[in-house]
**Student:** 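What follows is a structure written as structure tokens; I'll ask about it next.
Just so we're clear, the structure is a prediction, and the values are computed from it rather than from any experiment. Computation of the quantities below employed the complete heavy-atom set of this structure, encompassing side-chain atoms and omitting hydrogens, waters and symmetry-equivalent molecules.
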Amino acid sequence: MRERLNTSIQSISLVLVIAGLAWVVWSASTTMPQMLKYLLIIVALIESLSLYLVAKVYPESHTSFKMGIIAAFLILIGIKTMLPSMFVPLTITAFAINFLYNFYTNNKRRQGAFKRRAGKRMKIR
């Protein structure tokens with residue numbers, strides 16, 4: 001159940017990003033850096049919720065990667081002020097990496113190949 005909800009949440013975040021970018025194209029009032037800043041915040045929150053839902057089911061490598069992506073989204077907000085010329089390309093690249101990884105993990109999960117392994121416990125002899 002949580003995996004299906006996770007997939008739905010990730011699909012919603014993809015649709016949200018596409019809608020935000022379409023808004024920039026057809027609206028003259030919002031600039032691309034402004035919209036990307038809002039999208040970074042919203043997608044970081046959505047990815048945090050997604051990570052919370054499946055952290056116990058997906059492997060630790062997934063959890064580490066998702067935490068890195070969330071941190072990258074928040075760091076990109078700081079890059080907006082420090083290096084504005086690189087903000088748009090870096091943000092689009094981060095979104096692309098995130099969404100490609102989401103679809104990769106969803107397909108691996110459906111195939112049953114993406115599971116958390118039971119940890120080895122220390123045995124005292």
**Student:** Give every donor-acceptor pair under 3.5 Å between a side-chain atom in residues 11-21 and any protein atom, sequence neighbours left out.
**Tutor:**
unit_1 : atom_1 : unit_2 : atom_2 : d
Ser11  : OG     : Thr7   : O      : 3.0
Ser13  : OG     : Gln10  : O      : 2.7

**Student:** According to a hydrophobic-cluster definition based on side-chain heavy atoms being under 4.5 Å apart (Ile, Leu, Val, Met, Phe, Trp, Tyr only), do Tyr38 and Ile46 belong together?
**Tutor:**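 No: no chain of side-chain contacts under 4.5 Å links Tyr38 to Ile46.
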
**Student:** Is there a path from Trp23 to Val25 through hydrophobic residues (I, L, V, M, F, W, Y) whose side chains come within less than 4.5 Å of each other?
**Tutor:**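 No: no chain of side-chain contacts under 4.5 Å links Trp23 to Val25.
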
**Student:** Does the side chain of Leu40 reach to within under 4.5 Å of the side chain of Met35, using non-hydrogen atoms?
**Tutor:**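 When only atoms from C-beta onward are counted, Met35 and Leu40 do not touch, as no gap falls below 4.5 Å.
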
**Student:** Over all heavy atoms of both residues, which pair between Pro84 and Thr81 is shortest? Give the atoms and the distance, please.
**Tutor:**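 Between these two residues, the closest heavy atoms are CD-O, 4.1 Å.
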
**Student:** Hydrophobic clusters here meaning ILVMFWY residues chained together by side-chain heavy-atom distances under 4.5 Å, can you tell me if Leu100 and Leu51 are in one?
**Tutor:**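 Leu100 does not cluster with Leu51.
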
**Student:** Give the ring-plane orientation class for Phe65 versus Tyr101, where under 30° counts as parallel, over 60° as perpendicular and anything between as tilted.
**Tutor:**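 The rings of Phe65 and Tyr101 sit tilted, inter-plane angle from 30° to 60°.
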
**Student:** Report the C-alpha separation of Phe73 and Thr91 in whole Å, then their side-chain angles, then the decisive distance to 0.1 Å, and conclude whether the side-chain contact (heavy atoms from CB on, under 4.5 Å) test is met.
**Tutor:** CA-CA 8 Å; Phe73 287 160; Thr91 303; over 6 Å; no

**Student:** If you group Ile, Leu, Val, Met, Phe, Trp and Tyr by side-chain heavy-atom gaps below 4.5 Å, do Phe103 and Val54 land in one group?
**Tutor:**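 Hydrophobic grouping puts Phe103 with Val54.
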
**Student:** Is the backbone N or O of Val24 less than 3.5 Å from a side-chain atom of Ser27, with the two atoms forming a donor-acceptor pair by type?
**Tutor:**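 Side chain of Ser27 to backbone of Val24: no pair is present.
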
**Student:** Taking side chain to side chain contact (heavy atoms under 4.5 Å, CB included) as the criterion, tell me which of Leu36, Ile69, Leu90, Leu76 meets it with Phe95.
**Tutor:**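 Only match with Phe95 under side chain to side chain contact (heavy atoms under 4.5 Å, CB included): Leu36.
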
**Student:** Using the side-chain contact (heavy atoms from CB on, under 4.5 Å) rule, take Glu47 and Asn102 through it: C-alpha gap first, then chi angles, then the decisive distance, then the call.
**Tutor:** CA-CA 10 Å; Glu47 290 298 326; Asn102 286 345; 3.3 Å; yes

**Student:** Is a side-chain donor or acceptor of Ser64 paired with a backbone partner of Ser61 at a separation under 3.5 angstrom?
**Tutor:**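 No: the side chain of Ser64 does not pair with the backbone of Ser61.
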
